[in-house]
Amino acid sequence: MRAVGHGAPLLCGSSVAVRALSFNFQTVAEKLTTPKGREELGRLMKTRDELNKMIRNDTKPVSVDFDHYRKVIQTEGLVDAFQSALSNAKLPEIQDTFTAEAEAVFTELIAQAKALSDESTSRVNELQGLLDNLRARKDISEITIEEALAEDPKLAAEINQEIEEERWAILESDSNNAASAKDDHH
């Protein structure tokens, strides 16, 4: 077990480590649009790279060549004492109290990321549809009144109601412009 980041233990063989280290960051990177999002992804990728490096460097303990040290060290019994101490040393077994909690957190985070990704994909498709509609539309100068009213039935109904009620509105700015133009002709 090794410590990663803020002292959180990592069990190198755990499914959390395997999932975290094999996650496809490229897919996520392609969908990020904000600098903050890219920065956070960069941090996450750096942490993943550090974990990969630690796992690759996770080697078994090397056996000690006590015969070599007996020849080199002149103090009688010292190497035998170290060899005896090493062979009698009992290292406590590390209890895994972290993996279950980490897997639950990762599972929740992955579910949240999937939901956000699906929501984002849906929004991208919606916006793409709007863009396609805008690109397919005629230029405003080419649209007839009949076509515009056919595209917006609510506006057509509103205009028809105003006509039926004989509501003719002249904006104050329009009346000032008309009066000014009238004065220019005299």
Side-chain angles (χ1 to χ4, degrees), residues 1-137 139 151-152:
M1 183 180 322
R2 294 190 178 260
V4 177
H6 300 287
L10 169 70
L11 295 174
C12 293
S14 75
S15 63
V16 172
V18 171
R19 279 193 312 196
L21 298 175
S22 65
F23 186 79
N24 184 354
F25 287 97
Q26 187 61 36
T27 303
V28 175
E30 291 171 0
K31 295 185 180 189
L32 289 176
T33 57
T34 64
K36 180 73 173 162
R38 288 188 193 110
E39 179 183 328
E40 290 300 322
L41 182 64
R43 242 185 251 136
L44 185 59
M45 290 172 70
K46 181 179 178 187
T47 301
R48 184 216 35 197
D49 292 343
E50 289 172 2
L51 290 173
N52 276 331
K53 184 178 178 184
M54 287 171 53
I55 288 172
R56 280 192 303 273
N57 293 337
D58 192 20
T59 59
K60 303 287 182 221
V62 179
S63 62
V64 179
D65 184 3
F66 288 104
D67 289 333
H68 167 73
Y69 288 108
R70 280 188 190 92
K71 294 175 191 170
V72 176
I73 297 176
Q74 300 300 318
T75 307
E76 192 174 316
L78 183 62
V79 174
D80 292 332
F82 272 101
Q83 185 176 13
S84 175
L86 182 62
S87 64
N88 292 329
K90 302 273 191 251
L91 299 177
E93 188 176 318
I94 299 172
Q95 299 298 316
D96 179 11
T97 60
F98 175 72
T99 301
E101 180 184 347
E103 284 189 4
V105 169
F106 271 103
T107 301
E108 182 181 336
L109 289 172
I110 288 170
Q112 288 175 2
K114 173 91 172 94
L116 289 172
S117 174
D118 291 347
E119 186 179 311
S120 176
T121 300
S122 174
R123 181 66 176 147
V124 165
N125 290 338
E126 178 186 336
L127 292 173
Q128 188 61 49
L130 289 172
L131 274 173
D132 292 344
N133 286 343
L134 287 173
R135 288 181 182 131
R137 291 179 89 177
D139 185 75
E151 281 186 27
D152 192 350

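Computation of the quantities below employed the complete heavy-atom set of this structure, encompassing side-chain atoms and omitting hydrogens, waters and symmetry-equivalent molecules.
Atom CZ of R48 and atom CG of L41 lie 9.0 Å apart (nearest 0.5 Å). Going from atom CD of Q26 over to atom CE of M45 covers 7.0 Å, rounded to the nearest 0.5 Å. For the atom pair CG (L127) and CG (D132), the distance works out to 11.0 Å, reported to the nearest 0.5 Å.
When the side chain to side chain donor-acceptor pair (under 3.5 Å) test is applied to K114, the partners found at least two apart in sequence or on another chain are D118. Residues satisfying the salt bridge (charged side-chain N to carboxylate O under 4.0 Å, His left out) test with R43, not counting sequence neighbours, are E39, E40. Listed by chain and residue number, S120 satisfy the side-chain contact (heavy atoms from CB on, under 4.5 Å) test with V124 (two or more places apart in sequence, or in another chain). The side chain to side chain donor-acceptor pair (under 3.5 Å) test applied to N88 returns S84, not counting sequence neighbours. Take E30 and apply the salt bridge (charged side-chain N to carboxylate O under 4.0 Å, His left out) test, not counting sequence neighbours, and it matches no residue. Residues passing the salt bridge (charged side-chain N to carboxylate O under 4.0 Å, His left out) test with D80, sequence neighbours excluded: R70.
Within 6.0 Å of CD on E126 lie more than 12 heavy atoms contributed by other residues, nucleotides or ligands. For E119, the CD atom sits in a loose shell: 12 or fewer heavy atoms of surrounding residues, nucleotides or ligands are nearer than 6.0 Å.
When atom types are taken as modelled, the side chain of S117 and the backbone of A113 share no donor-acceptor pair closer than 3.5 angstrom.
For the pair K71 and Q74, the tightest heavy-atom approach, listed with the atom from each and the gap, is O-NE2, 3.8 Å.
L86 has its side chain within reach of F66: a pair of non-hydrogen atoms, C-beta onward, lies under 4.5 Å apart.
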